[in-house]
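On a predicted model such as this, the values are computed, not experimentally measured, just so you know. Values below: every heavy atom of this structure, side chains too, minus hydrogens, waters and symmetry copies.
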Protein chains: 2
Amino acid sequence: MNQNSARETACGKKLKYHHGALRPALLEAAEKILLEDGIDALSLRALARATGVTQAAPYSHFRDKDELLAAVAEQGFQRLALAMVESATGQTAARARIERLITAYIRFAVGNDQLFRLMFSPALSDMRNHPTLAMTAGKSYALISAVLAKRENADPEETRFQTLAIWSLCHGLAQLIMDDRVNIEQFGTADIAGFVRRAVGLFAAQLA
Amino acid sequence: MNQNSARETACGKKLKYHHGALRPALLEAAEKILLEDGIDALSLRALARATGVTQAAPYSHFRDKDELLAAVAEQGFQRLALAMVESATGQTAARARIERLITAYIRFAVGNDQLFRLMFSPALSDMRNHPTLAMTAGKSYALISAVLAKRENADPEETRFQTLAIWSLCHGLAQLIMDDRVNIEQFGTADIAGFVRRAVGLFAAQLA
DNA sequence: CCTAAAAACTGAACGGTGCCAAGATCAGCG
DNA sequence: CGCTGATCTTGGCACCGTTCAGTTTTTAGG
């Protein structure tokens, strides 16, 4: 029907029948929409529009919307882990490393709150459907755990417990800040790093 | 057009043109659907169906879906605060009260996870649109804060900080358990109360 | 190189959703 | 009684996720 196989868009760009790299383009567009318009605007149809393709095209690359969101979330977890690692490099003391890791975690959540919310969205929390996501998501936990496990005389069970406690504090605080249920500036330590340092101080004795 | 003004349903019940108490009926139906079918099934149209009314009827009582959800969430916060208070009655020691409050908080989250997620849903987190919700939501924070503030020589700023730390730990843990990112049973203390007691122990020294 | 199978994409449709404007009904009050 | 305002219905809009039959392009095998 269309012997030319090229279509025109409003902006005049030529589009081939085959996009060629639709999958990464969709993921990129997803992050952009997430950043600019929020998670409510993140629909498959909007993604199709943004990549210049019809609504059904994404189904060649993702079984359903959840699978696409899981892929976006996985990218997010990778970036989160990277940010944490980078932030802690150069620190050798256990306490300093922990503080850096947590601060990076919370900073990431606050700075990419729509993405962070997606990463911990209930729709994706059933990891049985997204096995690779489960692996990636465990990375940030592992980073904290590793620091605690490297101490002398570290009891494995005690380490697991402390890791969970720290992660909970950190995750909860991130959540509360994102939801505007807490105003971090009402504390003397005006920024997140200061607050974290103070919070870690609360159980510093037990971490030694 | 309909001179009788009564309609028949499949089950044969007579329905008046005016429901009479639609607002509370909607809220009740919402909690039921939330409990039985999850938050994804909670649509205005489903609520209308459940209360035997047409799709547009709810708009006489709520400006939009968010306003209805906010009302449901507010009921949830009230029940949460009640559960916390009841769970802590009889305890006088600060540490025991804190432990009870937190345990009740987490138990509520785990036992009503769909409702809890709604209560902390991002859609509702912009409290400017739901002023009464904001008040009710602050209750659980106030309960923890009050215990800490009643200590001798309690520095107000330090109290605020500790309250936030405890609340974060508690909220984060609840979130992680709900999302199945943590298996509480892998800790010696098999239940939530035991874990909380141990966690509070981490900064017990600072709470005295 | 040619062809057949596989993959990518289109176009149209289905049922569901939130929301809205217009009208019908009803309760309470002058 | 008639009026008014609140409540509810009817019908419709735009959007969503998903499916399906069919078309186009790429890829793999001879």
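At whole-Å resolution of the value, OH in B:Tyr59 and C1' in C:dC20 are 8 Å apart. For the pair B:Leu47 CG and D:dC8 C1', the computed distance is 16 Å after rounding to whole Å. What separates CG of B:Leu26 from P of D:dT7 is a distance of 12 Å, to the nearest Å. Between the C1' atom of C:dT10 and the CG atom of A:Leu44 lies a distance of 16 Å, rounded to the nearest Å. In this structure, A:Gln55 places its CD atom 12 Å from C1' of D:dC20, rounding to the nearest Å. The CG atom of A:Leu22 sits 15 Å away from the C1' atom of D:dT26 (whole-angstrom rounding). Taking atom CG on A:Leu69 and atom C1' on D:dT18, their separation rounds to 15 Å, with Å as the unit. Note: CG (B:Leu68) to P (C:dC19) measures 10 Å, nearest angstrom.
Comparing A:Ala57 and A:Arg45 by the nucleotide of DNA chain C that holds the closest heavy atom to each, the one mapping nearer the 5' end is A:Ala57. Each of A:Ala41 and A:Arg63 lies near DNA chain D, and the nucleotide nearest A:Ala41 is the one positioned closer to the 5' end.
Among C:dA13, C:dC19, D:dT19, the nucleotide with an atom closest to any side-chain atom of A:Ala56 is D:dT19.
Using a 4.0 Å heavy-atom cutoff across all strands shown, A:Arg49 reaches sugar-phosphate atoms only and no base atom. At a threshold of 4.0 angstrom between heavy atoms, the contacts of B:Ser43 are confined to the sugar-phosphate backbone, with no base atom among them.
In this structure, B:Arg79 forms no cation-pi arrangement with B:Phe108, as its terminal cationic atom is not both closer than 6.0 Å to the ring centre and no more than 45° off the ring axis.
Between the side chains of A:Glu74 and A:Thr136, a donor-acceptor pair is found at a separation under 3.5 Å. Side chain to side chain, A:Gln162 and A:Glu158 meet the donor-acceptor criterion of an N or O pair below 3.5 Å. A donor-acceptor pair shorter than 3.5 Å can be found between the side chains of A:Gln55 and A:Arg45.
For the pair A:Thr54 and C:dT10, the criterion of a side-chain N or O lying under 4.0 Å from OP1 or OP2 is met. Phosphate proximity of D:dC8 to B:His61: present, with a side-chain N or O under 4.0 Å from OP1 or OP2.
Between the A:Asp126 side chain and the A:Asn129 main chain, no donor and acceptor come within less than 3.5 Å of each other.
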